[in-house]
Trainee: 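Got a structure for you, questions after.
Since the structure is predicted, the reported quantities are computational estimates derived from the model, not experimental observations. Naming: A, B, ... by sequence-line order, numbering from 1 per chain.
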Protein chains: 2
Amino acid sequence: MNHRKVNVTGQIGKSDVVRAGTFAFEKENSFVTIKDIADYVGVSTATVSLALSRNARITKETRDKVFEAVKMLNYRPSTAARNLALNRTKTISLILPEIKHLFLQPFFSLSLNGVYDACLENGYRLQIEVASYQFVKRKRYLRLFQERAIDGLLYVGSTLSDLYLNELNDTGFPVVLSGSYLKNSRIPYVIGDNRKGGEIATMHLFTLGRRKIAHIIGSFNIPSAVDRFEGYRKVLREKNLAYSSHFIGIGKFTAEGGFQAMKKILDYEPDAVFAGNDIMAEGAIQAIKDAGLKIPDDISVCGMDDLPLAKRITPALTTVKYDIYKIAYRAARKLIGKIEGKRNGRSSEFVSVKLIIRESCGAKRGK
Amino acid sequence: MNHRKVNVTGQIGKSDVVRAGTFAFEKENSFVTIKDIADYVGVSTATVSLALSRNARITKETRDKVFEAVKMLNYRPSTAARNLALNRTKTISLILPEIKHLFLQPFFSLSLNGVYDACLENGYRLQIEVASYQFVKRKRYLRLFQERAIDGLLYVGSTLSDLYLNELNDTGFPVVLSGSYLKNSRIPYVIGDNRKGGEIATMHLFTLGRRKIAHIIGSFNIPSAVDRFEGYRKVLREKNLAYSSHFIGIGKFTAEGGFQAMKKILDYEPDAVFAGNDIMAEGAIQAIKDAGLKIPDDISVCGMDDLPLAKRITPALTTVKYDIYKIAYRAARKLIGKIEGKRNGRSSEFVSVKLIIRESCGAKRGK
DNA sequence: TTGTAAGCGTTATCAA
DNA sequence: TTGATAACGCTTACAA
């Protein structure tokens, strides 16, 4: 054969003369293009393109020849050229809030896992962005869209103040929120049933005879946290338990925050605490132990999320399972569905929650 | 002005007739292109392009007019078109090993933070890939390169068996390893001084009078873990301490693994343990406490990495600071340097380590 | 200092 | 069933 030699890396030893210069020189490190395939097979680039997309009107014979050539020359289409021609990138951006040690927080790291898996399954690339001050103020989110660098945007853990997302959504650009939502907004989201979770947790403590139930909320600025809080309040109301601000602490979603919040609450002698997440529960447990109190004998502790740590700590934490991975996975799938123009059911979705009984509340297992 | 109306989103109400079809129709949702700017200003697209890149040979006057038009029409260049013309993407891929709950591991989450920051500072986009079985066996890493989807590749936490990276590196494609390295490979890397860390930790325990020093290694398949182990062995050798396989546990980089490894080691009554990282140290501490032993009175525990948890646990963990964030940040910078053809010093870099004395070894502070 | 036009590597239209 | 060729939106060599 008089065809060019091909090496393992997919580059071929071309000897094309490059642009009309004074000196002709060898084009080094150039990539195999659709033109090379066309020449090799002896057809036009149009035919190659059609054959590659398995268009029915190309004979099996030429299609086979094309695929053979692709293999021989180790051809791969240029992403940029394809993106330009098709006006899409098969890439989505995952936007994350700007938080110190962001990925040390299970919520975000599990979300990332879920989004990644959904992308992989659908042939999308995943690009990461952090919603820094710059990102918001300089309207970088709009630039991503205007520069056509991505096909859609997934926001994990947005706060109530992220209203700028509406502007983006209103342009028709695909946006989906994961694990959060915006008030008065038409941006679709996927989220767990936080309110229900708060109810289940609080109700569990009530059922065990607890009447002085405290709550540690992550932040009043995060919708999902507020919903958990509202579930808690609902049970208090229904069961005619007194609500006291002394029983409410703000734990900033961290163990340290949970620890500090619990310390203050302990002055008012609660007999139970529903921590807004497992991490704050871990901190609260530390504070209770430090105060010389026994769990669950003196105080019951219930968490939420069911992170790996819930099993590991002592006592093992009773908590409400909140499947962060699944939420993110579904959100990413929803986004991709939007991008590809599929009508996929309701615009927003809820993922259900479930009580996981362990040792920190004093309930008998299997009950 | 008789120019087109522009809305906030950067789209303009065009009324261009699109391609010669039977019916002319309005092009909806089309983006502002460089042609629009050229028409608006009354110059050629070449001039606009040059003006935008602040080429000196364009008069300030026209340049100003161009920038004015850009603002008016809310123009943003098409990423795809630019990538195609310039044959680069300003995107790098971060490759991560396939590990369950990957980002719950501080090593990876801190690395991600470092890489992201370096990208942001240099105007690069960050794309995430997981080195799954498919990724390796199907040679997806080669495809990323061949499809010209990225300009370079950063691998965090490669293992000794990731030899396929050599193949990629040998093509001349920019590859850098962060926090790891390959034996007999010319791939540049940035890493902390693990061997030194192992030495410092073990030496610290020796200085405190400990003579039966155990070690928990993450895995014998990870270069950095092996190096930490070798630092440990070096001190044993130098101080004529007996080396016993009973004093070596494999902790799989997890708290649970550290717990199990320590439990077995305890049978042989060590008076100190150097855990290969803080997470395993946390597990080891749990095992020691469960055995009814006091830290540091009965057993000294020294970790490595200095993660946030080191401060938090009881007793506060003496450890070797290993700046994962910085390593990843530097590695990303090195990669970008390679991409942009800069000769930036030595091909590999070491980040120094440092002993952080807290309470778990029994040393006096400030000593 | 600016304009013309080629080139980047695809896809897609329309004619053959 | 296939081929020419325009189009995607930018950069750049070269001419004016």
Side-chain angles (χ1 to χ4, degrees), chain A residues 10 14 16-23 27 29-39 41-66 70 73 75-90 146-149, chain B residues 10 14 16-23 27 29-39 41-66 70 73 75-90 146-149:
Chain A
K14 272 196 185 173
D16 295 353
V17 173
V18 178
R19 292 189 185 172
T22 319
F23 298 94
K27 195 154 114 195
N29 266 6
S30 101
F31 284 87
V32 180
T33 72
I34 201 169
K35 181 79 173 43
D36 296 314
I37 302 297
D39 292 352
V41 178
V43 294
S44 73
T45 61
T47 303
V48 174
S49 180
L50 288 171
L52 287 177
S53 60
R54 302 176 177 284
N55 189 301
R57 63 192 208 215
I58 301 292
T59 47
K60 183 176 179 335
E61 204 189 341
T62 48
R63 172 158 45 104
D64 288 348
K65 274 198 243 163
V66 166
V70 165
L73 303 184
Y75 165 77
R76 297 285 168 203
S78 151
T79 310
R82 187 171 249 184
N83 287 353
L84 182 60
L86 295 174
N87 194 28
R88 61 132 179 76
T89 60
K90 279 259 182 183
Q146 292 170 336
E147 294 179 355
R148 288 141 284 173
Chain B
K14 272 196 185 174
D16 297 352
V17 173
V18 176
R19 294 190 184 172
T22 319
F23 299 92
K27 194 153 118 197
N29 266 8
S30 99
F31 284 87
V32 180
T33 73
I34 201 169
K35 183 75 172 46
D36 296 314
I37 302 297
D39 292 352
V41 178
V43 294
S44 72
T45 61
T47 303
V48 174
S49 180
L50 289 172
L52 287 176
S53 59
R54 301 178 178 282
N55 189 302
R57 64 192 207 215
I58 302 292
T59 47
K60 183 175 180 334
E61 204 189 338
T62 49
R63 175 162 37 109
D64 288 348
K65 272 198 242 162
V66 166
V70 165
L73 302 185
Y75 165 76
R76 297 284 169 204
S78 152
T79 309
R82 186 170 248 187
N83 288 353
L84 183 59
L86 293 176
N87 193 31
R88 60 130 180 77
T89 60
K90 278 260 181 181
Q146 293 170 337
E147 294 178 356
R148 288 139 284 174

Trainee: Hey, which sits more toward the 5' end of DNA chain C by its nearest nucleotide, B/Val43 or B/Asn87?
Mentor: B/Val43
Trainee: Would you indicate which nucleotide in D/dC10, C/dC8, C/dT10 comes nearest to any side-chain atom of B/Leu84?
Mentor: C/dC8
Trainee: Nearest whole angstrom, please: distance from the C1' of D/dG9 to the CD of A/Gln146.
Mentor: 16 Å
Trainee: Pair A/Leu73, A/Ile37 - check side-chain contact (heavy atoms from CB on, under 4.5 Å), show working.
Mentor: CA-CA 8 Å; A/Leu73 303 184; A/Ile37 302 297; 3.9 Å; yes
Trainee: Answer with base, sugar-phosphate or nothing: what part of the nucleic acid does B/Arg76 contact at a heavy-atom distance below 4.0 Å?
Mentor: sugar-phosphate
Trainee: For the side chain of A/Thr89 and the backbone of A/Asn83, is there at least one donor-acceptor N/O pair under 3.5 Å apart?
Mentor: no
Trainee: Report for the helix from C/dT1-D/dA16 to C/dA16-D/dT1: angle between first-end and last-end helix axes, five pairs each, rounded to 10 degrees.
Mentor: 40°
Trainee: State whether the side chain of B/Arg76 and the backbone N or O of A/Arg148 hold a donor-acceptor pair below 3.5 Å, judged by distance alone.
Mentor: no
Trainee: Determine whether a donor-acceptor pair (N or O, by modelled atom type, separation under 3.5 Å) exists between the side chain of A/Arg82 and the backbone of A/Ala80.
Mentor: no
Trainee: In whole Å, I'd like the distance from the CZ atom of A/Phe31 to the P atom of C/dT10.
Mentor: 11 Å
Trainee: Please report, rounded to the nearest Å, how far the P atom of C/dT2 is from the CG atom of B/Asp39.
Mentor: 17 Å
Trainee: Should A/Val70 and A/Leu52 be marked as a side-chain contact (heavy atoms from CB on, under 4.5 Å) after you check the CA-CA gap, both sets of side-chain angles, and the distance that decides it?
Mentor: CA-CA 9 Å; A/Val70 165; A/Leu52 287 177; 3.8 Å; yes
Trainee: For the side chain of B/Asp39 and the backbone of B/Asp36, is there at least one donor-acceptor N/O pair under 3.5 Å apart?
Mentor: no
Trainee: Let me know the distance between CZ of A/Arg82 and C1' of C/dA12, rounded to the nearest Å.
Mentor: 14 Å
Trainee: Residues of residues 44-62 of chain B with any non-hydrogen atom less than 4.0 angstrom from an atom of DNA chain D: list those, numerically ordered, please.
Mentor: B/Ala46, B/Ser49, B/Arg57
Trainee: So which heavy atom on A/Leu84 is nearest to which on B/Ser78, and how close?
Mentor: CD1-OG, 4.3 Å
Trainee: Expressed as a whole number of angstroms, how long is the span from B/Asn83:CG to C/dC8:P?
Mentor: 16 Å
Trainee: Let me know the distance between NZ of A/Lys35 and C1' of C/dC8, rounded to the nearest Å.
Mentor: 14 Å
Trainee: I need the minimum non-hydrogen distance between B/Val32 and B/Tyr75, along with the two atoms involved.
Mentor: O-CD1, 3.4 Å
Trainee: OG of B/Ser49 to CD1 of B/Ile58: how many Å apart, nearest 0.5 Å?
Mentor: 9.0 Å
Trainee: In whole angstroms, how far is the C1' atom of C/dG3 from the CD1 atom of B/Ile34?
Mentor: 13 Å
Trainee: Rounding to a whole Å, what distance do you find between B/Leu86:CG and D/dC10:C1'?
Mentor: 8 Å
